[in-house]
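Structure record follows, encoded as structure tokens.
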Protein chains: 2
Amino acid sequence: MSANSRMTVAVHVLTWMALVHDRGRDVVTSDQIATSVATNPVVIRRSLADLREAGLVTVRHGAGAGWTLARAAESITMLDVFRAVHDEPLFALHRGEPNQACPIGRGIRPALRDVYADAEEAVRRELARVTIADVLRETLATRSG
Amino acid sequence: MSANSRMTVAVHVLTWMALVHDRGRDVVTSDQIATSVATNPVVIRRSLADLREAGLVTVRHGAGAGWTLARAAESITMLDVFRAVHDEPLFALHRGEPNQACPIGRGIRPALRDVYADAEEAVRRELARVTIADVLRETLATRSG
DNA sequence: CTCCGCTGCAACTGTTATTGTTACAGCGAG
DNA sequence: CTCGCTGTAACAATAACAGTTGCAGCGGAG
């Protein structure tokens, strides 16, 4: 079911920015982040664009351009990131419309929407409990990955 | 993120079987189910194969072949279905390996694995609370879909 | 013991999402 | 003005799915 790693990349980006911030540097480039994630800078910029729209990072143009965390890492939760990168629901309904002549085909989508909404809400509650600062701490506590 | 509708199709299949069972018919064919879902019988058989492996349905071959619910709809939870159709985790980690020379790249995957595992566990708990019988009831309670 | 309807499964196509990549215009501090 | 970086479009490669066709195999009904 899980398809993309946008969530993972976005968290990686923010965690890296939080580490660099702790080390005294505040403005970083997509190129530098791309080195840590081991991917293309454009991929990082796409991720950063999502995070900027969500108000989690700010960008500066021109010479000396780059990105900065808009908030303290302690105040950015995984839920914030989830909201920033997620357009699609976690569970997809039917691709095509079920048979409306059948009582199941007619009524199952609203029924499933409710169940799926509850499940997603549970995920959101769980993600809200973890901040980027938490992830950074856990990340640095790990010896090998 | 959500990619496939396997979960939705599987629940639809079971709910339809539960309804038909309530109406006195116990053995049904993939063709009949496909009519309700409005898709190809092979798609349904692929779904039923997952459900059979999980022990939720049984199959009979030869003349008068078809499928039967292996358990009462009241005892089949959405979690059972989730387990039957899900191989991939809900949240994917990096596609490629992050830069191991970077402390974030080295430690973030185990850290994220933990967070994601907690989130998935929350989903499982929520799905475990709903049975196919519940879904059937809600489905029939809906006027339009 | 043959027939026939259904399952099991492999193979192929069309579609779509995502990632990675190249290319280039635009911005603005120095 | 210059230069480094952003913003974004465009494109290729990959992968997952849904849908479809075709056919072998099973086994009760007759």
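The sequence lines fix the lettering, A, B, ..., with proteins before strands; numbering per chain opens at 1. Keep in mind the model is a prediction, meaning the values are calculated, not measured.
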Spacing of B:His94 atom NE2 relative to C:dG20 atom P, expressed in whole Å: 10 Å
Check against side-chain hydrogen bond (donor to acceptor under 3.5 Å, both in side chains), A:Ser47 and A:Asp50: CA-CA 5 Å; A:Ser47 185; A:Asp50 288 338; 5.6 Å; no
Do the side-chain N or O atoms of A:Thr29 get closer than 4.0 angstrom to the phosphate oxygens (OP1, OP2) of D:dC5? no
When the distance from CG of A:Asp31 to P of C:dT22 is rounded to whole Å, what number comes out? 13 Å
Tell me whether the rings of B:Phe82 and A:Phe91 are parallel (<30°), tilted (30 to 60°) or perpendicular (>60°). perpendicular
Roughly how many Å is it from CG in B:Asp87 to P in D:dA16, rounded to a whole number? 10 Å
With a cut-off of less than 4.0 Å, is there a side-chain N or O of A:Arg52 near OP1 or OP2 of D:dG7? yes
Reckon A:Arg95 has a side-chain N or O less than 4.0 Å from the OP1 or OP2 of C:dT15? no
Listed range with range, the stems formed with DNA chain D by at least 3 consecutive Watson-Crick or G-U pairs (under 3.5 Å) are C:1-30 with D:1-30
For B:Val81 and B:Ala10, which heavy atoms make the closest approach, and how far apart are they? CG1-CB, 3.6 Å
Quick one: list whatever passes salt bridge (Lys or Arg N to Asp or Glu O under 4.0 Å) with B:Arg125, sequence neighbours left out. none
Grab the CD-P distance between B:Glu88 and C:dT18 for me, whole Å please. 14 Å
Quiz question: by atom type and distance under 3.5 Å, do the side chains of A:Asp134 and A:Thr131 form a donor-acceptor pair? yes
Do any side-chain nitrogens or oxygens of A:Ser30 fall under 4.0 Å of OP1 or OP2 in D:dC5? no
Check DNA chain D against residues 38-50 of chain A and give the residues with a non-hydrogen atom under 4.0 Å, in numerical order. A:Val42, A:Arg45, A:Arg46
Please tabulate, for side-chain N and O atoms in residues 57-69 of chain B, each donor-acceptor pair with protein atoms closer than 3.5 Å (sequence neighbours left out).
| from | atom 1 | to | atom 2 | distance (Å) |
| --- | --- | --- | --- | --- |
| B:Arg60 | NH2 | B:Gly64 | O | 3.1 |

What does nucleotides 24-30 of chain D look like as a protein-contact string, B for base, S for sugar-phosphate only, - for none, at under 4.0 angstrom between heavy atoms? --BBB--
For residues 13-39 of chain B, please give each side-chain donor-acceptor pair under 3.5 Å, one per line with the distance, not counting sequence neighbours.
| from | atom 1 | to | atom 2 | distance (Å) |
| --- | --- | --- | --- | --- |
| B:Thr15 | OG1 | B:Val11 | O | 2.7 |
| B:Thr29 | OG1 | B:Asp31 | N | 3.4 |
| B:Thr29 | OG1 | B:Gln32 | N | 3.3 |
| B:Ser30 | OG | B:Arg45 | NH1 | 3.1 |
| B:Gln32 | OE1 | B:Thr29 | N | 3.0 |
| B:Thr35 | OG1 | B:Asp31 | O | 3.2 |
| B:Ser36 | OG | B:His12 | NE2 | 2.8 |

Kindly check if the number of other-residue, nucleotide or ligand heavy atoms within 6.0 Å of CZ (B:Arg71) is above 12? yes
Tell me the closest heavy-atom pair linking A:Arg6 and A:Val85, and the distance in Å. NH1-O, 3.2 Å
Just the rounded figure in Å: distance from P of D:dC5 to CD1 of A:Ile33. 12 Å
